[in-house]
Structures are given as structure tokens and as C-alpha cells.
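To find a chain, count down the sequence lines: A is the first, B the second, and so on, and within it residues start at 1.
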Amino acid sequence: MAKEYNFREIEQKWHKLWTERQTYKVTEDENREKFYVLNMFPYPSGAGLHVGHPLGYIASDIYARYKRLQGFNVLNPMGYDAYGLPAEQYAIKTGQHPEKTTFANIDRYREQLDKIGFSFDWDREVRTCAPDYYHWTQWAFQKMFNSYFDEELQKAQPIEKLIDRFKAEGTWPTDEKAQSDLLMNYRIAFLGETMVNWCPKLGTVLANDEVVEGVSVRGGYPVEQKKMRQWCLRVSAYSQRLLDGLDTIDWSESIKETQRNWIGRSEGAEIEIPYTLSINGETEGSFTIFTTRADTMFGVTFFVLAPESELVNKVTTPEQRAAVDEYIKYVKSRTERERMIDHTVTGVFSGAYGINPITGDRCPIFIAEYVLAGYGTGAIMAVPAHDSRDYAFAKHFDLPIIPLVEGADISEESYDAKEGIVVNSPISEDKSVKYDGESLCLNGLTIKEAIAETKRFVKAHNLGRVKVNYRLRDAIFSRQRYWGEPFPVYYKNGIPTMIPEECLPIELPQVEKFLPTETGEPPLGNAQIWAWDEKNRKIVDKKLIDEKAGIYPIELYTMPGFAGSSAYYLRYMDPHNNEALVSEKAASYWQNVDLYVGGSEHATGHLIYSRFWNKFLFDLGVSKKEEPFKKLVNQGMIQGRSNFVYRIKETNTFVSFGLKDKYDVTPIHVDVNIVKNDILDLEAFKAWSPEYETADFVLEDGKYVCGWAIEKMSKSMYNVVNPDMIVENYGADTLRLYEMFLGPVEQSKPWDTNGIDGCFRFLKKLWALYWDKEGNLALTGEEPSADSLKTLHKLIKKVTSDIEAFSYNTSISAFMVAVNELSQQKCSSRTILQTLPVLIAPFAPHIAEELWEAFGSEGSVCDAKWPQYEEKYLVETSIKLGVQFNGKVRFDMLFPVDATPEQMIELATSAPEAAKHLEGMQIIKTIAIPKRIVNIVVKPKA
RNA sequence: GCCCAGAUGGUGGAAUUGGUAGACACGAGGGACUUAAAAUCCCUUGGCCAGUGAUGGCCGUACGGGUUCGAUUCCCGUUCCGGGCACCA
């Protein structure tokens, strides 16, 4: 009896041995070069893992194992993003503490992950909800509170430096409240009165990336704008560094582009516009507009303010007051969602006029919702000829339109392109105001030149300044939830004050109910023991709150999901350190993440926040690199492949796919786990649900064929494939291979269990290579044949370059070819059979260990040395090349391997087969591409 | 509307970045072994045409052009699908 490939036994055995031997434990080792591989840690949901989840983990595990075989000291940790809304909502529904469900889910995840055979160092596991972890989240928040962003140095500085500056300037107030308010404008973590995305249904505020098209990402509830006092992070201060950093990292172009869009840098000019309250009135004051099209100053025919702008009150004349008030009321009544969808032109005249500093013209000032308060200065100059929104507004209110670009047709729509030659600027010489004897003239310039010239002019004559604006907003950092990190903050006479660093972590208090309080306070309002005793430095019952006794209320907000996930990669470096987030030694050794694997859906959330957070810690000297993730690979989504059965309407009879068009049928999702190769298991179907127990079938060829569709993998579509089941039926090695064989890691693709047999067969063939009929190791001790050596070295070369390029599917194909070749060669050479397990180890570690051990090798195959290929085994003695005439392949012939192109042409043209092609022809050109083709271009002799 | 990425057999996908398109795998068809099934092994498998046959010819990488001896690959235009941003001045 040949020895059977018993994957269950093998995998169980090695899971046990890996744990016992601590095979995957990593320590800092100065003698070896480090390599840091990281997966985006999962949120442990109640549904457990489906086959899509491990895709990225397998991809990174292969790379981690490969790097280790190459001699690197590889850090490959795993942990859990454990705070989150689903656990809290489940708690509200059932009264179960979110910690309980979260921990249960984590255990389930761990169990599933362990089956797949990852090389994670579980000693370094982190959980964001663990006090010894969020200790450092709170600590970082306090550091941000105590820092400001120095515009000149472009980095975070201690807030004390700013206080010193105010003192030196004599602008430091004496009143404590005033001091606090002043510093709030500078702190990197600050309490701000800002417009926030308020979701009444969830009872909390949301960050910009948590809102899509006016509804919450989680749950899809409507979101409205509300002015609230919230903790914010001054992410916008880092805009330029976040943008510049993108050029230094190895991320996909599309995700960098997404971040560039999100940061939204735009270079322009701010220009001061004096205004009057009547067409011929005296100047009352001025406001500032922002434009990226400074070249269009000569085409301004009106100005527009955002309805929320503070200027609205100043410029509204008594005659227009009623109309303006009514308009503001209307704007306020509209939700964010309505404003986003409905772009009808609305607006109202303020009564005032702005004076164009370039032309001296007086143009009406309007108030309209199409101008946003939050961007630029909340005020614009309108150039209807060259901006589509201004154009629509001008048409609606019948305002003049002045074209400024040669040949631009603006009769139907504006000309927005930044290409062309400027005209009408000015229209006549007296239409350009002189400053110090100089007036602006842009006629004849290209638009780009005109922009530069206007900026120069504006700057030279002090009419405004060159300005860069960013769309990136500060992050709202507080949530009205229970299941999150509490803020280490108390309110001393209304002034937010940090709990001393030595008293951290401030642990999440127990509450009776997870809902907001009846008075509308966040859930932490339900906590009884939630007041800060300043003198005794401890948390006490809130009944004791008394300003005179020094007992103050603690912040009721908690931190958002991204708080805990922003610096977790640093914590993995030194997860048990109670003195610091990460020790100097560990941070210096591990530096930053070399390879980060995760979904692209985090492009504008986690991946921005994390970069920001790291830059801040870099400024502090805690993080050693400006960018946290050197290389990023975005794994694609695994979609589900749903199966359908077709029920004839109002019956319990089901028609096979090929015959369904003959009946009036309703397609019904059927569990993919009772369908194989689109053939329905009839008995399993009847047992699936009582409803189908008595079902009848109309079969084709004695089979019931199901229809299929590619959809999102979800319970309701009955298309969820569980990795446990695959591991049970085929083994973890087959699962790992198949997930990678499915296609490029970065690409989204549907899961189809059908193809898995190919990978399973491959492992069985590999296994069979090693054992003779009696079940002994098949070794003849013979020297390997030249063919086998060639197969092996070809494989080493291919697999090495494919892993480096993240092209796992092609390297698995190469394995399949190699194993077929070796088995045909009846290879039983020790040299070759001993090398194969090392090569396959990153992909299929269990079988690799088993085969490695079969040779009596010491220790784990994980500590083997990755083989090098030798060119000498790959050298051919002769090569077959195609000889072409005019680009068509006519015949193949053999050439000596070291023939020069000239010799190849010589040989090809003199070959007997060439004669018929060359007869009566004249050679006009010959091209020889080494190792490919000899091309001879001919034409008939004249 | 703007930006990014993509389109290859019945299916998932290869193609040394300008050099024999369809590797590898699934599915399908045929065969061997077997009482039978499973497992395993072998052959065929992009389309069309000619031939008893070995074989030969033509077409073919979303569509239409271009550059080139030669294009899945480079350039221009079109269509379709996916992703991001979106009254951001």
C-alpha cells in the first residue's frame, strides 16, 4: 500500500508541535535584518470568518514565511480591533456586556485562524479594548492635547513653547478660561464647536469617512449637520506632509490617488474685496475670497457668500433683510442629503456691492448655498463665463457674462478648461486700475501664464496673497457611545483638564444600560463611579462631585473606532511594555511596517488617520519613520457565487436550469453547500428546509442543474463558504493554495469551491513523489538527472521572482508543472526531494514540515535556507527558434545556444527550408531577437 | 462632470513588458482500470474551413483606426464594467 496523504493527521500534528516548540516566537535580534509584515487586524464580528477573510492573511503569511527562509527576522503579528458598534448594538438589544460578546467572537476567530496554519506570533496579540492597550491610545491623545503644530517647522511642538511665545508677545491672558480657549485654537487634540455629522438614529456623531451620500455607512441612517462641541484632531495641519509622504511609499497608484483627492490640495489666491452697502456708497469694510482662477478677475460679475458665513449679517442691507432671513431659514431646513442631490439654483441678493480691486467695478453680492462655508473663506468671486456653477447662477438671475478666452463659445455653457489665450483682460485700458503706476494686462497670455501674472500683481500691490487650500478636514474624535476608549479628561470648572499621565489608563466604567440617558447624555452618563478626585488622584462616585472638594465630572464621550487602530502596529513591536507605548530599543529595531496587507476600503479612513497619527508620534520621536507602512498591498474582495433553483409559481416543483424557460418560475437562492459543480444534491435540498421536504423536480439528464450569479458573500444569499469546512474536507494547505491560485491577490474575484480539486490533486501528486509502493521514502540515492535538475532550478527561479512580485497564482502553476515533470522523470534523488519542501513551505507549511521531517532533518522547515538557483542547470545546448518571413512564422529550426544574431541570420537564410521563401525574393531587412525569432523581410526582386 | 484601474476560450486566469496568444487549473467530451462507485491514469478541448489521415489554411485578446518586419502589450478615438472624488471656486 502506498502511503496516503492524510492531511488531517499531518496538520493536527504540526499545529501541536508549532505551539510546543514556539516556532513562531520572534524576538529582537540585532544580528539579523528585520522584516515587518502586517495585516489589517480584524473586527471580530459575530458571523465568524468566511473564505474571503483569510485571503490577505494567507498572502502575507506566504511572504512572511518566504522572508524568514531568506534569513530575515520576521515580525508577523495579529490582533483584534475590538471596539465597535455591532457589539454595542447587540448589547443594547440583549443587555449582554459588549466585552462578553467581543471576547466570545475573538475566541471563535482564533479557533478558525489556527486551523489555517499562520506563522503569527500570538504572544504579541493586541486587543484595542484591553486597558493595557488603550492606556497608550489615551496617552497619545494627551500628547496631542499638549502639542500644537508649528507651521514654520511643519511639525508638532510642546504647547509650552506656544505659551512662552504668547507671554513674550504679551498676548497671554490671565484668566484661566481665556487661556484654555486660546490654546484650543492650536492644540492638535482640541475641543471644537464645529458642524458635525449627527446621526440621530445611532445617537452619535460620525467622521466624514463614516458618512456616504448623506447616510451613515453603518446602518444607512440619515445624517444631519449639527453644531456641537466635540473633540477633534487637527489632521488638516498635516495636509502637506500627508500629501508629500505619498511620493515616498510603495502603494498602489489608485489608493494614493484616492488619498490625494481626499486631501484635495489646491493652489490659488486670496483676494481682499472691499464692499459698499449701495451701488455708489462708501466702503464699509472688506471680505476675502479664494480663487484658483486668479486669471479671471476681469470676468467677475458678482460675488457670492455661503449662507453660514459670518459676513452675511454685515453685508445685508435693511431693504434686503427680510428676503435674506427667509433664504437662510430655507437653507437651514434642508438636510445635507437634499443639498447633495438637489442642485437647483437658489440664492438671494444681499443689497451690498463688492469692489473688484483689478477693474474697480462694483458687482452685487449674493448669498447662495452653492458656496460652502467650510472651504476656502466661504466667499467667492463669480466668473460665469468660466465656471459652470457661476454660469448657472448668472443665467438664473440674469447677470452679465463676460468671456475671457479666445474663441470660447459661452452661449450654451461655460468654458471651464484651463487652456487657451486670454482676451478682454482688460476690455479697454481704462478698465484696469493702476497701482503705483502699474495696471494688470493679461491679454495674449495663456491661462497658466495669466494665473501666475495675476498672483504676482496681487502680491506686489498687497491686494491679497497666494494661498494653498486643502479639502482635508479635522477629524471629529468623540463619539456618544459606550463601547470605546474613555477620554482621560475631566472638567475643572468647565475647563477640560487632563488626568495625570501616571494615573492612566482610565478604565471604561461599568454601566447598567448601554443607551443614552433620559436627559440625553451619552451612555457613560449612566456610569455611577465616574468623577475625578483631583487630590486623591482617583475615580470616585459622581454623587461626590464638588468643585470646592476638588471632585469633578469626567468626560462622557468615548473615542471613535480609528483611535485604537491608528498606532497598533507600534504596539506589536513591544506589546507588554507598561512603561511606554513602545520601547526605544524595539522601535529602533522594527522601525516601520515593510509590508501591509488589507482592503482598499480603508483608503480615506484608517490609512489616513494612521499616517497622521504616526507623523505626530514621529515628531515626538516615538515612531522612527515618517511613514508607517512602506509597502501596501490591497487584497481584492472575495465575492460569493450564489446558486439558484427555479420553482414553478404556486407549486412545490422545481425545474432544472436548462428547462426553466418553458415554465413560469421564481428563482430562489439555494445554499451553495448542498450544490456541487452546479448540480443540486436533491436529498440535502429536501432536508434543508421543511418547506422543501415534499418538493418535486423536473430534471435534465437525470440531474438538477442550478443557475448561478456573482453577488456579495452574505448569509441572506446562502453563498457563504466557511473556511473550516474547506479545511475539514481538503486540509489547510489546499485551502491556502487554492485561495492564492484563484487569481492575483489584488483582484476581486468570486469564490467557487469547484476548482479546489486541482490544488488538492497537486498536493497528492507532490506527496506521491516521496513514497514508494511499500510506503517508504522513495530514495534511490542516485545523482539527480540533468532533466530533474533543470526542472528544480527553473522552479526555484520562477517561485523566487513570483513571490517577490506577489504573483502567487503563477508560482503555484509553476509548482504544478514541476511536480508533473518530476513524476514523469521518476525522480527519486535526495538533492531534489529535499529541496522541494523548502520551496513549498510558504504556501503549504504542513505538508512541507512533514516531508522535511521525513528526511530526518532537524527542527522546522521554517528555519531552512531558501535555495538559490544556478544558471548552469538552466543552460540549453541548442535553442529552437521560429524563422519568419515578413512577420509570419514559417518554420522552426535549431540554433547553437551561443550563436550571435548575425550567425543566426546566416544559418536561417541558408537553411534548406528557407529556399522556397527566398526564391525570386530580395532580402530587405533581417532581424534576430535572441531566444525568440529570426525575422527576414523580403520583397520580390525588381 | 473630474480622476484612477480594467475588458483575453464554457469558467478562474497565463504570456519573460513589442517576439510562437490561451501556461496552469476547473468544467466538458472520449478512453483505461473496476461487479459498481469513489479514487487514479491517458487522450481531446478558442472558432471556422479542407482532408480518410498525419496535417494544412483562415479568423481570433471589447470595438474602429495608427505606428512597426511583428501589437494582448505602444499611440489616437469609441463602447462597456469597476473604484474614488464631487456645488471644493
A/E413, CD: over 12 other non-hydrogen atoms inside 6.0 angstrom = no
Base, sugar-phosphate, or nothing: which does A/V371 touch, judged by heavy atoms less than 4.0 Å apart?
-> base
For A/Y370 and B/rA89, is the shortest distance between a side-chain N/O and OP1 or OP2 below 4.0 Å?
-> no
Heavy-atom side-chain contact between A/D733 and A/F843 under 4.5 Å | no
Out of B/rC85, B/rA89, B/rG19, minimum distance to the side chain of A/W262 belongs to B/rC85
A/I380 CD1 - B/rC87 C1' separation (whole Å) | 10 Å
Quick one: A/D387 CG to B/rA86 C1', roughly how many Å, whole number?
-> 13 Å
Nearest non-hydrogen partners of A/I367 and A/S350, listed with the distance | CD1-CB, 3.9 Å
Candidate list A/V235, A/T258, A/L242, test side-chain contact (heavy atoms from CB on, under 4.5 Å), partner A/I263, passing option = A/L242
Grab the OH-P distance between A/Y808 and B/rA25 for me, whole Å please.
-> 22 Å
Are any non-hydrogen side-chain atoms of A/N719 and A/V721 less than 4.5 angstrom apart?
-> no
Considering only heavy side-chain atoms of A/S266, the closest of B/rA89, B/rG27, B/rC24 is B/rA89
How far does the C1' atom of B/rU72 sit from the matching atom of B/rU61, given to the nearest Å?
-> 5 Å
What is the distance, rounded to the nearest whole Å, between atom CG of A/L404 and atom P of B/rA89?
-> 18 Å
Given the 90°-from-0 boundary between syn and anti, B/rG12 should be labelled anti
Is A/R473 touching bases, backbone alone, or none of the nucleic acid, heavy atoms closer than 4.0 Å?
-> base
Starting from C1' on B/rG27, measure out to CZ on A/R641 and report it in whole angstrom.
-> 10 Å
Minimum-distance nucleotide to A/T604 side chain [options: B/rC26, B/rU40, B/rC85] = B/rC85
For A/K256, answer base if it contacts any base atom (sugar-phosphate contacts may also be present), sugar-phosphate if it contacts only those atoms, and nothing otherwise; contact means non-hydrogen atoms under 4.0 Å.
-> nothing
Spacing of A/F290 atom CZ relative to B/rA89 atom C1', expressed in whole Å = 8 Å
Rounded to whole angstrom, note down the P distance from B/rG82 over to B/rA71.
-> 32 Å
Without swapping roles, check the side chain of A/T377 against the backbone of A/T288 for a donor-acceptor pair under 3.5 Å.
-> yes
Considering the options A/I271, A/I451, A/D387, A/V300, which one meets the side-chain contact (heavy atoms from CB on, under 4.5 Å) requirement together with A/T291?
-> A/I271
Answer whether the closest heavy-atom distance between the side chains of A/L742 and A/M740 falls below 4.5 Å.
-> no
Does a donor on one side chain and an acceptor on the other come within less than 3.5 Å for A/S236 and A/S239?
-> no
Taking the side chain of A/I927 as heavy atoms from C-beta outward, which of B/rC87, B/rC41, B/rG19 is closest to it?
-> B/rG19
Output the single nucleotide from B/rA89, B/rC69, B/rC26 whose closest atom is nearest the side chain of A/T292.
-> B/rA89
A/R260 side chain near B/rC85 phosphate (N/O to OP1/OP2, under 4.0 Å) = no
Taking atom types as modelled, is there a side-chain donor on A/T791 or A/E821 under 3.5 Å from an acceptor on the other?
-> yes
Backbone of A/G299 reached by a side-chain donor or acceptor of A/T296 within 3.5 Å | no
Nearest-angstrom distance from the residue atom CD of A/Q824 to C1' of B/rU40 = 15 Å
Just the atom pairs and distances: protein N or O near nucleotides 9-16 of chain B's N or O, under 3.5 Å.
unit_1	atom_1	unit_2	atom_2	d
B/rG12	O2'	A/L742	O	2.6
B/rG13	OP1	A/Q747	NE2	2.6
B/rG13	O3'	A/N809	ND2	3.4
B/rA14	OP1	A/N809	ND2	3.3
B/rU16	N3	A/R932	NE	3.4
B/rU16	N3	A/R932	NH2	2.5
B/rU16	O4	A/R932	NE	2.4
B/rU16	O4	A/R932	NH2	2.4

Could you verify whether a donor N or O on one side chain and an acceptor N or O on the other, from A/T454 and A/D295, lie under 3.5 Å apart?
-> no
Check nucleotides 3-6 of chain B for protein N or O atoms closer than 3.5 Å to its own N or O atoms and list the pairs.
unit_1	atom_1	unit_2	atom_2	d
B/rC3	O2'	A/E257	OE2	3.3

Relative to A/W251, does A/K256 satisfy both conditions: NZ or CZ under 6.0 angstrom from the six-membered ring centre, and within 45 degrees of the ring's axis?
-> no
Consecutive-pair stems (at least three Watson-Crick or G-U pairs, under 3.5 Å) that include RNA chain B = B:1-4 with B:82-85, B:10-12 with B:24-26, B:27-32 with B:40-45, B:46-50 with B:55-59, B:62-66 with B:74-78
